[in-house]
There are 2 protein chains.
Amino acid sequence: MNIGAVSKAAELPTKTVRYYADIGLVVPSGRSQNGYRVYDEAEVRKLVFVRRARSFGFSVDECRELLGLYQDDGRSSRDVKKITLQRIAEIEQKMAELQSLHSELTHLANSCLGDGRPNCPILSGLSV
Amino acid sequence: MNIGAVSKAAELPTKTVRYYADIGLVVPSGRSQNGYRVYDEAEVRKLVFVRRARSFGFSVDECRELLGLYQDDGRSSRDVKKITLQRIAEIEQKMAELQSLHSELTHLANSCLGDGRPNCPILSGLSV
DNA sequence: TGTAATGCTTCCACTAACTGGAAGGTCAAG
DNA sequence: CTTGACCTTCCAGTTAGTGGAAGCATTACA
């Protein structure tokens, strides 16, 4: 498979696939005579894996770590679970922050008339 | 006030204050003979405003826009409310994403034994 | 068979919002 | 007088890509 087909199959932009190759995250299985990157099914699966993990908030470096575990038959599920639980904790933290942000902003927006007049509680609220 | 005092007053790192000066977001009111940036209360208020707005998820460019409104006595609260409501909608969107992420990851973590064996549903789940 | 349109390559530069560090000038205290 | 804190500029790096240019390769179509 050439990069275009891979890009379609993994649902990632070609630029991103090339970038992942550059940083050694998912490298093509080889190159054809004309220099084109050649991928096979295994790489496509890894790319899908990375796309999903990224969408789950795993950083590229964590993806690298996870891919390592993914490929290592001797890995323990304990390692994987540890990373995942950390991520869950971070998500909960993030959600709490967003929650307080949301209520503050909602409060400000509610107290604002939103008319053509300059008097605006949102700005006063921000500048406290 | 020199940058150190401003930094303390506005609760922002000096690096950040300098950065904001560089990009023209909050510029010092002047320079002293020795070349030190000199700020007065108005700038400190703006910096506090920016810090809070940033913590609310407004981008630096949005802060610039808000600062413009903030300083413009002829502004309408409608403009400010519009930006704020957009931001609230984005936060809700983000929270929904985090929520689904959280339940998916929790599900995966729960189905993982977390022992020393290689069999790990988290990885299989990610690679679907 | 010619040519035009994709598709692929590399490389360089840019994004956001800082942060770290080096090299050097200034100032107050002991 | 020297030490240390504070200030300056400039350069580079961070994350995770994205945009674009210049230049081969392949394919589609008239």
Side-chain angles (χ1 to χ4, degrees), chain A residues 1-40 43-44 46-67 83 87 90 94 97 101, chain B residues 1-40 43-44 46-67 83 87 90 94 97 101:
Chain A
M1 289 171 93
N2 284 347
I3 203 166
V6 170
S7 157
K8 232 172 217 136
E11 297 174 62
L12 282 171
T14 55
K15 279 276 190 187
T16 303
V17 176
R18 230 174 259 128
Y19 172 71
Y20 287 163
D22 286 351
I23 64 172
L25 183 61
V26 178
V27 295
S29 46
R31 296 269 182 159
S32 54
Q33 297 98 321
N34 51 27
Y36 288 12
R37 288 171 185 81
V38 175
Y39 293 85
D40 55 28
E43 274 73 50
V44 174
K46 286 183 208 165
L47 285 170
V48 170
F49 179 94
V50 169
R51 174 171 53 74
R52 295 212 69 213
R54 289 283 302 122
S55 85
F56 273 74
F58 292 92
S59 74
V60 164
D61 263 7
E62 284 167 332
C63 286
R64 209 185 290 273
E65 197 176 355
L66 285 172
L67 266 186
I83 301 181
R87 193 115 313 266
E90 283 170 32
K94 197 87 192 162
E97 279 169 26
L101 223 103
Chain B
M1 291 172 93
N2 283 347
I3 202 166
V6 170
S7 156
K8 230 170 219 138
E11 296 173 62
L12 282 170
T14 55
K15 278 279 190 187
T16 303
V17 177
R18 228 173 260 127
Y19 172 70
Y20 287 164
D22 286 351
I23 63 171
L25 183 61
V26 178
V27 296
S29 47
R31 297 270 183 157
S32 55
Q33 295 100 321
N34 52 27
Y36 289 12
R37 287 172 185 81
V38 175
Y39 293 85
D40 55 26
E43 274 74 50
V44 174
K46 286 184 210 166
L47 285 169
V48 171
F49 178 93
V50 168
R51 174 173 52 75
R52 295 212 69 213
R54 289 283 301 122
S55 86
F56 275 73
F58 292 92
S59 75
V60 164
D61 263 8
E62 283 166 333
C63 287
R64 209 185 289 271
E65 197 175 357
L66 285 172
L67 265 186
I83 301 182
R87 195 119 307 272
E90 282 170 31
K94 197 86 191 162
E97 279 170 26
L101 223 101

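Chain identifiers are assigned alphabetically (A, B, ...) following the order of the sequence lines, protein sequences preceding nucleic acid strands; residue numbering begins at 1 within each chain.
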Problem set entry | Nearest-angstrom distance from the residue atom CG of A:Leu47 to C1' of D:dA16 | 15 Å
Problem set entry | Sequence neighbours excluded, every pair satisfying salt bridge (charged side-chain N to carboxylate O under 4.0 Å, His left out) that has a member inside residues 4-14 of chain B | B:Glu11-B:Arg51
Seminar exercise, completed: Ordered by number, residues from residues 17-35 of chain B within less than 4.0 Å of DNA chain D (heavy atoms) are B:Arg18, B:Arg31, B:Gly35
Exercise. Should B:Arg37 be listed as having a side-chain N or O under 4.0 Å from OP1 or OP2 of D:dT8?
Worked result: yes
Exercise. Residues two or more places apart in sequence or in another chain: which of them pass salt bridge (charged side-chain N to carboxylate O under 4.0 Å, His left out) with B:Arg18?
Worked result: none
Seminar exercise, completed: B:Ala5 meets the side-chain contact (heavy atoms from CB on, under 4.5 Å) criterion, sequence neighbours left out, with B:Met1
For this session: Can you see which heavy atom on A:Leu67 is nearest to which on A:Leu25, and at what distance?
Result: CD1-O, 3.6 Å
Exercise. Any idea which heavy atoms bring A:Thr14 and A:Ile3 closest together, and the distance?
Worked result: O-CD1, 3.9 Å
Problem set entry | Pairwise side-chain contact, B:Val6 with B:Glu43, heavy-atom cut-off 4.5 Å (strictly under) | no
Which donor-acceptor pairs under 3.5 Å do the side chains of residues 26-38 of chain A make with protein atoms, sequence neighbours left out?
unit_1  : atom_1 : unit_2  : atom_2 : d
A:Ser29 : OG     : A:Val38 : O      : 3.0
A:Arg31 : NH1    : A:Gly35 : O      : 3.0
A:Ser32 : OG     : A:Asn34 : OD1    : 2.5
A:Asn34 : OD1    : A:Tyr36 : N      : 3.1

Just list the side-chain donor-acceptor pairs under 3.5 Å for residues 54-62 of chain A, sequence neighbours left out, or say none.
unit_1  : atom_1 : unit_2  : atom_2 : d
A:Arg54 : NH1    : A:Phe58 : O      : 2.7
A:Ser55 : OG     : A:Arg52 : O      : 2.8
A:Ser59 : OG     : A:Asp61 : N      : 3.4
A:Ser59 : OG     : A:Glu62 : N      : 3.1
A:Glu62 : OE1    : A:Ser59 : N      : 2.8
A:Glu62 : OE1    : A:Arg87 : NE     : 3.4
A:Glu62 : OE1    : A:Arg87 : NH2    : 3.0
A:Glu62 : OE2    : A:Arg87 : NH2    : 2.6

For this session: On DNA chain C, reading 5' to 3', which nucleotide is the first and which the last to sit with an atom under 4.0 Å from a heavy atom of chain B, could you check?
Result: C:dA17 to C:dC27
Seminar exercise, completed: CG (B:Asn2) and OG (B:Ser7) are apart, to the nearest 0.5 Å, by 11.5 Å
Exercise. Among residues 6-16 of chain A, which contact DNA chain D at a heavy-atom distance under 4.0 Å?
Worked result: A:Pro13, A:Lys15, A:Thr16
Problem set entry | First encountered from the 5' end of DNA chain C, between B:Asp61 and B:Tyr36 | B:Asp61
Problem set entry | Gap between atoms CG and C1', on B:Asn2 and D:dC7 respectively (whole Å) | 8 Å
For this session: State, to 0.1 Å, how close A:Val48 and A:Ala10 come at their nearest heavy-atom pair, and which atoms those are.
Result: CG2-CA, 3.9 Å
